[in-house]
Every structure is written in structure tokens, then in C-alpha cells.
Novice: 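Please see the structure below; I have some questions.
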Amino acid sequence: MSLWVDKYRPSSLGKLDYHKDQAAQLKNLVQCGDFPHLLVYGPSGAGKKTRIMCLLRELYGAGVEKLRIEHQTVVAPSKKKIEINTIASNYHLEVNASDAGNQDRVVIQELIKTVAQSQQIQSSTQREFKVVLLTEVDRLTKDAQHALRRTMEKYMGTCRLILCSTSTSKVIGPIRSRCLAIRVPLPSTEEVCSVLTSVCKKEGLLLPPELAKQISDKAGRNLRKALLMCEACRVQQYPFSVDQNVPETDWEVYLRETANAIVSQQSPQRLMEVRARLYELLTHCIPPDIIMKGLVQELLSNCDGQLKTEVAHMAAYYEHRLQLGSKAIYHLEAFTAKFMAIYKKFMEDGLDAMMF
Amino acid sequence: MDEYDELFEIQDDFEDQYADELDALAQMEAEKSSKPLIRHNGATGDDISDIEHLLDDQPMTPKAKRQKQDTGVAKRLFDGSQIQQSKVLSQNDDITPPSSPEQYEPRQAVRYASARSASALLDISGFAAIPETPRRPHTTALASLHVLKRPPLEGDYISVTDSAGCRVYLRQKEDTGTKRVDSRIVPNAQGGLGLLAVPIGVLREQEAERHHQQVVEESQRLTELLTRSVNDVLVDAENTEEEEHEDPEDTEGRRSRLWVDRFSPHHYTELLSDDFTNRCLLKWLKLWDTVVFGRERRSRPARTERQAPNQNSFKPNQGNQNQNRFKSKVEVTEELLEAELDQYKRPKFKVALLSGPPGLGKTTLAHVIAKHAGYNVVEINASDDRSAEVFQKRIDTATQMKSVLGANERPNCLIIDEIDGAPAAAINILLAVLNRKDGHGGEAGPEGTKKKKKKEPILLRPIICICNDLYVPALRPLRQQAFLLTFPQTQPSRLTQRLAEISLQQGLKVDTGTLMSLCEKTDNDIRSCINTLQFLHGRGHKQLDTKTIQSVSVGQKDQHKGLFHLWQEIFQLPRIKRKRIGEGFEELVGSGSGAQRFQHILHLASSSGEYEKVSQGLYDNYLSMRVRDPNLQSVCEALDWLSFSDRLNQVIMHGQNFTLMKYLPFLAITFHFLFAHTHVPRISYPHSHHEATSRLVSSRNALSTMLVDIPASIRTRISQLSLTLDILTLLLDIICPKLRPVNPQLFSSREKEQMRELINTMLAYNLSYRQDRTPEGQYTYVLEPRVEDVVKFAGLPPRRQLTYQAKQTISREMEQEKMRRAEQLMLQRNPAVKAEEKKSSGPKPTRNHQQRLENIVKQTTVETRPEVDFFGRAVAPKPQTPQPSSETGEKCAVQAMGTAVGNSDVWFRFNEGMSNAVRRNVYIRELL
């Protein structure tokens, strides 16, 4: 528990550093004794999970922080055994059903049923319901999400669901309509900076505001990343200097270099090299949509304003196909090739215009 | 039979290479010719003895002994023109295998020949050398070498009259050069020696004519019989005749209306398959003769002995020597065949495994050869139940039993067809049968030779296995124990020839070019060719040309070309000169070739079936094609197609929507039109996807190993995704602080704090250093689990690494911290036990060693007791007395010692040979 991220994580709604009005609303929500199913969504590093845990603590008290990991085995109708790790306290159960891959529907059905069917023992001192926390709901298959619909209604008496996802676009409508959606946006740069400064203060360190700003920018306002970067800076060099080199994640650097390679030359050979790099990224467990996003951002910043709309359009087109298909490399490469074609044509046209 | 004509020009090679077969054929001929002699020329005693010798001397191999059977008259025509003779002979269909134990029927042969209403039939019993092919359009060119329409101008000749009354003349010269075993008896063909009342030539002629008449009568009768039957198919006399004499199963085959069955080969010489393959299989089967038929296989030394006196008596050895000139693979096969028999006189390989694509005649070859070698064929194929028990039973039945009733009183030869589809269990059973050791020891040897080994488990019958795919996993163990024979492609010329014969017999007018194109279309698949012919014939075509062949879609089976072939076809433009089935000759040059190419690629791609592999191969290779594509337009289009097919696949797989699969092969066509080039493409096998998948899996594994042991409080905050995207890289930076390379004891308090945090972090995230030894022998510490690889990218500047010493320090500190934590955990878990222990150890000295110690103490005090008594003190209160000072120093010392021993935590006891002298519970916290 010694990473700053873990050490200084607020554990109650009152101690949250930003989006305080939202925290207050959550507090109100809980204080009336009951609450609907929740769908908490927002980008990575915004503090969704922190907020959920604070909420649970508000609900059940400190006992909710006594966590244990349980290895559960669910038997699919095809007699296939699915092993899944859950994290549970006495009051709640956390499942990442997408770990089960295509069999996530079975996991959802079985686990939630077993939890929801058992009543709390001492209902006088506790809430009448347990909470099931489903993470990465956007990665659930459609089957699993449909399985969730009825379960949500049926076991309303004994169980509340809190769904956690990065985006609602992949959550089916029926589920969205059954939940109270809570959006947790990224903290603003100032908020990130203030958090960083306060953490450093607690550590007895002095963080120059410029560096805090720099870290916040590099981390893309992702607070988790910002804190980790800050700590990495601390390890790298202390006392901090303003123009310190802030460490970055390798994959971002690699992706940026890939984008530069695309812009610098357009040929089948280069496309071959880019393919190797894309494969490299994919094999390092970077999800293809994140690669796509990073690539588009870098490419857009590198190309002319006239091209930007077209590139963005192509990106949307190919990302859509990416979501529909299964072999990410085809679609990533297709986008790359398309960009190369557009870019090359643009550059040649530009040259021609210069000539005449 | 074309081949023989071709080889006619190169006689030397021919003799060298085909010596075995020539011998076999010659021997057949000699046998055939000699038997009538036995029956009808009983007076010629010498001849008979010779013949008897010949019959006794049942040859073991098809390497027959031609010269040995040179029985004067029969041989005369061979002299000097042996090669031509045998070539001619080889065209004779009615030759019987040389060493077949089944009784040869000369009548059949004669009838057979004469029934053909041939133009130049000769007295076979006597000379047997007339190039008369009963079924084939005979090669008169060859025949004319020996058969003349009028008497030759010079030299001796024989005149022969056939049933039709035609008289021909046989030139008779070149008689002098070779050995004359019994020239003394029959100096010339006219029987000039005069030992017989009637010259032997005349006798033979008479006899032959008698035969001939019988045969003609017989065939006429049968022809009538057939014409009366409903069967309106053109059946010539030969077929009817053969029906009689074939095995029942063959008769069925003949009657069946499929040409494939009707024209299937029934003799060794009719086989269309590669000669070398045929010969090898026959040789292998002959190796079994020793154990099956009890005939001694001539061992090599024996053969050389016999060869020595009679230089040219044995062809087999010559054949072997000549074969040294063959390619190495061939030699290897030959050597396998020459290998010595094992202890049970069986060949080294107990089973032959034929492999090759369908339609080359593997099954036919196996049947023909087994029959040829005198076996009764028992076949197991895919239509039979091949579960383990049934298979076992059938193998045992086939290899250990023998039919005692009925005509086929011959040993069995087991043919396991389509073995590549058999379950692995069945193949294991087969292997077990092969490897059986003889349970009854010496008894089996002699018994086996007498074919009496009813209950012997040892395998004494040949087994021939046939498969299409040699590399099926289930066959792997069998491959090592089998005599492997791979079927090459049938030669189109031979196939064409045979097709021509068939179509001629069936009244189908077709030229060679058409047949060639048919062969090409079907990839020289005999079965497919004949079926196509019959199909066309059945549809009323009486005349075929190339156009018809190409327009019909039958006969074009699913070609199972290799993937590389497919990729090559896709990336390569067809050459103009190359004619390909499915493309018109004239159209190739013109503009219409696009459509043809389209069809061709579509056909190839859709018949390959492995769309996934194909598209992967296309994807991996298309960028390296040499196509001018400055604007990357075709690349973009290709990728659009790829992503389309990916989506299609997704839909197919997820919705089980397999009707959409028909659209998948069009990807190949697109790539063909976009990237095809006249150059020969350099295609590499697509590994990229597989590699990427396996690397992805290993990354995932490393991550999940890391995640598994992370404590729950942290585990709930991180997921695999956030780990890779945000945490891991930075975490690895964080756990590499700058440490002074000194002993941790000398760290400043700040550094100690830093160290403590570092270790906490590493423990919290389940990271540790493990000492590892590099192949060079150096020790390194590696981070475990191996998540470094997951976030490290090639080509980026390497991250800062800790030194070996630092890692060592950290590793040691971590171990200590782990121990500390484990102890704390233990204390937390059972604090009651600990407290009790403490209590019990204090006031109640009931523990073992303390009791023992007390005894010791008591013993030491016993000696002092009288003194104590003497001083007027009771024994009991002694321990309670606080420091009995002012006594003698001696006693004080003893008592002090006693108490010291009894109360101290530390004690020891001397045990000889034991090392557990000192025992004490020590906690880590006391040491650190």
C-alpha cells in the first residue's frame, strides 16, 4: 500500500477532492436508505471506482473494506467449468464478468443469482440488500447484457447492481434505462494539480506548480496516471526541478513514433513496417480501439487542416469496422493505408500547385 | 503401353531398369509355353525334365529366370532379340504371374488370345512370341519385325497358319549367339532331330489349333448368351471370357455398368500406376513368401553361387547391380527390400503403407498384386466399423485364419484401405499386432512355415495399408514401422492410351488431344477420367472433342492443391503459353481472359476451403508484391476487402450464418486482379497472426499471474487494462530508485524509509526478484512475474535498471519483510495459542526438557543433601531460600548452577552424533 495512488486514495465521500457536489448528491442518495441500480461511467482514471467504494462505505460502514478474493467456479450448461476471480466483502461482491470471455452470460446469471437469492442475515443492523459490482460492463457480450435485464428486475428486493464502465455506448438501452447513470468526468487540470500538490505535501515534498501542470498534461488528466508519474518523478529526481523529464508510458511513445513513421513516408514498404509496429502494440495487450484513438490523435496533429475532417471521417469509418470485426490488425492497417493514400495525394497536389 | 514404345529406342537402359519385369514377363511366357508341352509332348523326355525342373523351381520373386526355362523350342525365338521379345511380351495381356502358386491355366491364355479374332495369331504354345495384344490396338510396327506376310528372302523361317486361315511367316535366325542348354535335342524349329514321329512344331500347331477351336466355341457360346441378355452395352468376347475365369468379386466388377470397374486392371502388366512403385510393392510382398508359402527365399550368397557357374542364368542380380545407378531414394527403397528377414523369416517391415491422392489406383494395385502373389485378399475399409474391438477381431481373423472350403484356399493378405480415417485406437491395435512377440518361442518357427500356426499370435501375413494423407497424426507411429510407398502421378501418356482403348471399345470417337486435356483436367485421376468418359458416353456423345471436355463441369473434382500453389496462382498472372483447363486457348491472348482468370481463381479458392489461411497468406504477402501502386489505391482496396471478409467471418461465426461463406473466396479474386504479376512471386508462409496470438497470450498470462496474488484491497482498484495502459510502466520506474551501493545498515533514515516503501510496493504488487543464471554462467536477478516484457517495446530507449547489488539488497530485504509479515500474520491468527504458550512456559515447568533438567538438578543436589542435613536444614525448602549466602562457596556454586540450568531459556544437552544440541524458539523479530 505504498504507492501514492493507493496510500492517499480517499475512502469516504466526504474526503473526495473534486466533483464535490456529485459526492454530496451520492451521499444524499445513500442516506435515504435505498438507491436504484447505478451505472457509473467515465473515462479511465477519473475516480469511478474510488467513488463507488466510498459509496459502499457510506452504505455499510468500514466493514466493506475487508476484502477477500474468492475463486469461483461456474459450470456452464455445456459442462464447461469457468473459473473466475471475484472480490467480495460481507456486503458486496465485485465481478469482472468479461474475464470469462464468451461465457460471461453464464457467469452473470449464476453468480448474481447465488448472491441475490440469499438474504442478509442480520437485516436489523444492516441494509436489506447486497450490492453486486460489475466492472467493465462495456466489454460484456450482448448475451450477457440481455441476461442482466431480467435479473436486475427480479432480484431488486435483495440486491442492487452497480455497473462500472468507461462508456455507455456499448451498454444496451434496456440496461441504461434501468439504471441511474452517474457520469464521473475527468478532473480538470487544476484539480489534478491540487491533488498532486496535496499528496506531495503529505509526503513532505515540494512540488513546483509548473511541474504539476506538466504532469497533468502528460497524463491527460488521468489522475491515476498523474499520481504515478509524479511518484516516478520523485524516484527519478528529488528535489523536483521545473524542467524535469516526466516519464511516460512506453506504449504511448511507441505509438507516437508509429504515427511519425506513417507521416514521414507513404509506401507499401513503410506500411509493412507500420504493420509490424501495430502487431507489437497489439501483442502488448493494448486494445485496438485505444491504438486507433492514439493514432488518430497523433496523425491529426501532424497533418494539414484541410485533411483533418477527412481523416477523422476515415477514422470513424474504420473504427466502426474494427468494432464489427475480429481481426484488429486488418482494420488498423486499412486505416493506415487510407491515411497514407490521402496524405500522399494531398502532398503531391500541393507540390503540383507549387510548380504551376 | 506407350512407354514400351518410347523405351524401344533406348534398349540398354530399358533392359537395365526393367530387368525385373522383363524377367517376370519372360518367365510367364516360358511357363505358358512350356505347359502344353507337358501335356501333349510327353515323349520328349528331356523337355519334360527341363519343364519339371522349371515347375519345381518356383521362383520367389518376379525376377524370373528366363534362361533357365529356356526349353529349346520355346526359347528359340527369344534368342538374340530378347529385349524386343519381352517388350512384345509385355503387351500380352494374358501372362500369368511368374511365381503365383495358383495353378496356371494355359487354356485360358490360348483361348483368350484366339478369341480376339486377331489377324496374325500364332501358335502360342510353341513360340508364344507373336506380338498380339488381345485388348489393345496392336502395334503392328513391332509385330512386323517378326511376322512377315510372305516368306523371308533369306534365312530360315517358320510358317504359321491361324484359325482364320491366314498364313504368316516367322523369321528364324539369330539363333547362334546364346547358350543352348539343350540344343542337342532340338537343333532347329522343324524338329530336325527326329526324336519324335511327328515333328514337335507340328504337334504344337495341332495342339494350339485344338485349343483355339475350343476357345472359339466357348466364346461364341458366351457371346450368344450375352447378346440374349438385357445388357446392351458393348461387351466384347474378351470380357465375357474373362468373367468366367475371374474371382467371383471380379465377376461382379465386370458386370457392373461402371466402366471404372469394368476396365479395372486384373493383371500386373495392366496396371497404369508407376512401374517402380508396382515393382517395389511386389518385391515387398514376395518377401513374405518364405513365411507364408514356406518357400525358401534365395539368400544373397546362394544366388551368387548359382550365378557363378552360369553367368547369365540369373537376372535378378543383374537387376540389382544395375539399379545402383538409380537415384538415392530409389536405392534406399531397394535396400529396404533387400534387407534380411527377421527371426521369424518375415520381412523387416511387416506392413506396407501406400499413400497418394485419390484416383491413382492404389487400391487396385494392392488387390492386383496380392492376387498376383497368390493371396486371398481381405479388405477392411472406411465403410467397415473400425472401432478398436471390431478392428482387432478382423485383423486376427484375417491374419491367423484361412479359408478351408471353397475355391480360394489361399492365404490371406489383409488390405486396410483408407487407413487415414481410422481412429487412433484402431491404429494402435494394428501396431500391437505388428509388434507382437512370439509367445510360444521356438515352436512357432517350424509351425509357421507349415501354415499351421492357428493360435500363434505372431503376425505371419502381409498387411497392406492404403491412405491418402500420409501425415495424419494418427498414422505417425505406423509410419515408422511401415514400408512407405508414395504414389507418383500417373503418366498422362499411359492414361491417355488406356482411355483411348476404352473409348474405342465403347464406340466413342475421341482423339488423343481430347483425352490429354481430359487427363489434365482431372489431374491424371484415372477414376475421374473414366467416369467422365462414361458420363459423356451415357449422355449420347459419340464424338468428343476438346471443347466438350472443357465445357462440361464433371470430372473436375475439388482440387486439393497446396496453399502455396493457390497463393502463387493468385499472385501470378498466367503465362500466355500455358494452357490451362478452364481457359480457352485462343481466349487467353484476347481480352476475355479476365473472365477466365476470374473463374479459375474462384474455382481454386473455393475448392481449397481454408479461407482463413488463404486470406492470412494473402494479407502477409500482398505488400511484398512487385506492383506499381504509387497512390496506394490498390493497397487500400485490398485492405477494404480484407476488412470486409473479416466482418463476414465475424457474422458467419457468431450467427452460424454459413450460407455467407460462399462470398469468402472472392477475396482471392480481388487480390489476383490487384496484385497479380508475371513474375514468380516469393511467398512466405503466414506466421504473423499466429505469432502475434501466442505473444499476446504470453503477455496476458504474465499479467494475470501478477494479478492473482495482489492483495484484494489493491486488486479491486486495478484491472488488467489499467495495468497495461497506466500503471505498469510507471510502476517499474518507481521500483527502481537510486540506492547507494552500501550495506542497508548504513542507510540514512530517509533512505531506509525509501527502502521500506519500495519493498511495500513490490510486495503489494506481487513483484519480486528471482535469482537466475544466464547461459553464460552469470547470475542476474529478474523480475517475477515477467511483466517487464509486457510493457517493454523494442526500439525504445531502455529503462533505467538497478544494479545487481541493488537488486540483491532489495531481494534480501524483501525476504525478511515477507518473513516478518508471515510471523505477524501467524500471531494475529492464533494469538490465544501464543499467550497460552507464554503462560505455560513461565510458571509450569512441565515441559520435557525442564523435567529432565530438574532431574539433573535434583541429582546434583542429592549429593549435597547430607551436608545440608548436617547443617540442620530441611530438604524441601531449599529452592525457596533466597540465596543461601554465607555458606561455603562450594555449595553456593552447585546451587547456582542448578538454578541457572533449570530456569534459563537456553539449555543444551549433549548427544553423541546428534546435531540438535541446542533447541530454542527464536523469532525473527529478535534477530532482525
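Side-chain atoms are counted along with the backbone in the values below, which use heavy atoms only and exclude waters and symmetry mates. Chain A is the first sequence line, chain B the second, and so forth, proteins listed ahead of strands; every chain is numbered from 1.
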Novice: Indicate whether the side chain of Lys613(B) and that of Tyr685(B) have a donor and an acceptor atom separated by less than 3.5 Å.
Specialist: yes
Novice: Under 3.5 Å, is there a donor on one side chain and an acceptor on the other for Ser89(A) and His92(A)?
Specialist: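 Checked: Ser89(A)/His92(A) side chains pair up, N/O donor to acceptor below 3.5 Å.
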Novice: Are there more than 12 heavy atoms of other residues, nucleotides or ligands under 6.0 Å from atom NZ of Lys752(B)?
Specialist: yes
Novice: What part of Glu753(B) gets within 4.5 angstrom of chain A, counting heavy atoms only: side chain, backbone, both, or neither?
Specialist: neither
Novice: By a 4.5 Å heavy-atom criterion (distance strictly below it), what part of Leu796(B) contacts chain A: side chain, backbone, both, or neither?
Specialist: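 The answer is the side chain of Leu796(B).
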Novice: So, Asn649(B) and Glu612(B): side-chain donor and acceptor under 3.5 Å apart, yes or no?
Specialist: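 The criterion, which ignores hydrogens and geometry beyond distance, is satisfied for Glu612(B) and Asn649(B).
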Novice: Using a 3.5 Å distance criterion without hydrogens, assess whether the side chain of Arg68(A) forms a donor-acceptor pair with backbone atoms of Ala712(B).
Specialist: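 Flag not set: sc Arg68(A) to bb Ala712(B) has no pair under 3.5 Å.
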Novice: Does any backbone or side-chain atom of Thr249(A) lie under 4.5 Å from a heavy atom of chain B? Answer side chain, backbone, both or neither.
Specialist: both
Novice: Atom CZ of residue position Arg682(B) - does it have more than 12 heavy atoms of other residues, nucleotides or ligands inside 6.0 Å?
Specialist: no
Novice: Taking every heavy-atom pair that is under 4.5 Å apart, which of Arg717(B), Arg700(B), Glu757(B), Lys738(B) has the most such pairs with chain A?
Specialist: Arg717(B)
Novice: Can you say whether Glu231(A) sits under 4.5 Å from chain B via the side chain, the backbone, both, or neither, judging by heavy atoms?
Specialist: both
Novice: If you count heavy-atom pairs under 4.5 Å with chain B, which of Ala276(A), Ala88(A), Ala337(A), Ser267(A) comes out on top?
Specialist: Ala337(A)
Novice: Is any NZ, NE, NH1 or NH2 atom of the basic residue among Glu280(A) and Arg277(A) found under 4.0 Å from an Asp or Glu carboxylate oxygen of the other?
Specialist: no
Novice: For the candidates Lys225(A), His284(A), Lys49(A), which exhibits the highest count of non-hydrogen atom pairs separated by less than 4.5 Å from chain B?
Specialist: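 That would be His284(A).
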Novice: Let me know if Arg224(A) has heavy atoms under 4.5 Å from chain B in its side chain, its backbone, both or neither.
Specialist: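 Side chain of Arg224(A) only, per the 4.5 Å heavy-atom cut-off to chain B.
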Novice: Using non-hydrogen atoms and a 4.5 Å limit, figure out which bit of Asp709(B) sits close to chain A: side chain, backbone, both or neither.
Specialist: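 For Asp709(B), neither part sits under 4.5 Å from chain A.
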Novice: Less than 4.5 Å to any heavy atom of chain B: does that hold for the side chain of Glu252(A), its backbone, both, or neither?
Specialist: neither
Novice: Select one option (side chain, backbone, both, neither) describing which atoms of Thr729(B) are under 4.5 Å from chain A's heavy atoms.
Specialist: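 Contact with chain A is through the side chain of Thr729(B) alone.
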Novice: Does any heavy atom of chain A fall under 4.5 Å from the side chain of His689(B), the backbone, both, or neither of them?
Specialist: both
Novice: For Arg275(A) and Tyr279(A), which I'm curious about, is there any donor-acceptor pair between the side chains at under 3.5 Å?
Specialist: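 No, no side-chain donor-acceptor contact under 3.5 Å.
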Novice: Name the option with the most non-hydrogen atom pairs under 4.5 Å to chain A; the candidates are Gly795(B), Pro737(B), Ser722(B).
Specialist: Ser722(B)
Novice: Highest number of heavy-atom pairs under 4.5 Å with chain B: which of Met53(A), Arg234(A), His331(A), Gln236(A)?
Specialist: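 Ranked by contacts with chain B, first place is His331(A).
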Novice: So which part of Ile727(B) gets closer than 4.5 Å to some heavy atom of chain A, the side chain, the backbone, both or neither?
Specialist: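 Both backbone and side chain of Ile727(B) come within 4.5 Å of chain A.
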Novice: Under a 4.5 Å heavy-atom cut-off, does chain B meet the side chain of Tyr254(A), its backbone, both or neither?
Specialist: both
Novice: Is atom CE of Met347(A) surrounded by more than 12 heavy atoms (other residues, nucleotides or ligands) closer than 6.0 Å?
Specialist: no
Novice: If only atom types and distance count, is the side chain of Trp251(A) paired as donor or acceptor with the main-chain N or O of Val791(B) below 3.5 Å?
Specialist: no
Novice: Counting heavy-atom pairs under 4.5 Å with chain B, which one of Asp250(A), Ile286(A), Ile329(A), Ile290(A) comes out on top?
Specialist: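 When all of Asp250(A), Ile286(A), Ile329(A), Ile290(A) are compared, Asp250(A) has the most.
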Novice: When you look at His677(B) and Phe675(B), which way does the ring-ring contact (aromatic ring centres under 6.0 Å, His included) test go after all the steps?
Specialist: CA-CA 6 Å; His677(B) 200 270; Phe675(B) 297 107; over 10 Å; no
Novice: Picking from Ala794(B), Ser624(B), Ser704(B), which has the most non-hydrogen pairs under 4.5 angstrom with chain A?
Specialist: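 Most heavy-atom pairs within the cutoff with chain A belong to Ala794(B).
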Novice: For Ser615(B), is it the side chain, the backbone, both, or neither that has a heavy atom closer than 4.5 Å to a heavy atom of chain A?
Specialist: both
Novice: What part of Arg9(A) gets within 4.5 angstrom of chain B, counting heavy atoms only: side chain, backbone, both, or neither?
Specialist: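 Only the side chain of Arg9(A) comes within 4.5 Å of chain B.
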Novice: Hey, can you tell me if Tyr663(B) and Phe666(B) have their rings parallel, tilted or perpendicular (30° and 60° cut-offs)?
Specialist: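 Taking Phe666(B) first and then Tyr663(B), their aromatic rings sit tilted (interplane angle of 30° to 60°).
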Novice: Between the side chains of Gln801(B) and Glu788(B), is a donor N or O closer than 3.5 angstrom to an acceptor N or O?
Specialist: yes
Novice: With a 4.5 angstrom heavy-atom cut-off, is it the side chain or the backbone of Tyr318(A) that approaches chain B, or both, or neither?
Specialist: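 Only the side chain of Tyr318(A) comes within 4.5 Å of chain B.
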Novice: Heavy-atom cut-off 4.5 Å, strictly under: side chain, backbone, both or neither for Lys344(A) against chain B?
Specialist: side chain
Novice: Using heavy-atom distances under 4.5 Å, tell me whether Ser694(B) contacts chain A through its side chain, its backbone, both, or neither.
Specialist: neither
Novice: Using non-hydrogen atoms only, which part of Asn102(A) is less than 4.5 Å away from chain B: side chain, backbone, both, or neither?
Specialist: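 For Asn102(A), neither part sits under 4.5 Å from chain B.
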Novice: Is Leu282(A) in contact with chain B via its backbone, its side chain, both, or neither, using a 4.5 Å heavy-atom distance?
Specialist: backbone
Novice: Report the option among Asp733(B), Val635(B), Asp646(B) that has the most heavy-atom pairs separated by less than 4.5 Å from atoms of chain A.
Specialist: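 Option with the greatest count: Asp646(B).
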Novice: Measure the spacing between CG of Leu3(A) and OH of Tyr765(B) and express it to the nearest 0.5 Å.
Specialist: 4.5 Å
Novice: Counting heavy-atom pairs closer than 4.5 Å to chain A, which one of Asn631(B), Leu642(B), Leu703(B) comes out on top?
Specialist: Leu642(B)
Novice: Between Met229(A) and Leu196(A), is there a side-chain heavy-atom distance shorter than 4.5 Å?
Specialist: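 Contact flag for Leu196(A)/Met229(A) side chains = no.
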Novice: Looking at Thr724(B), Thr716(B), Val790(B), which one has more heavy-atom pairs under 4.5 Å with chain A than the rest?
Specialist: Thr716(B)
Novice: Going by distance alone, is a donor N or O of one side chain under 3.5 Å from an acceptor N or O of the other, for Ser167(A) and Asp138(A)?
Specialist: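 Short answer, no.
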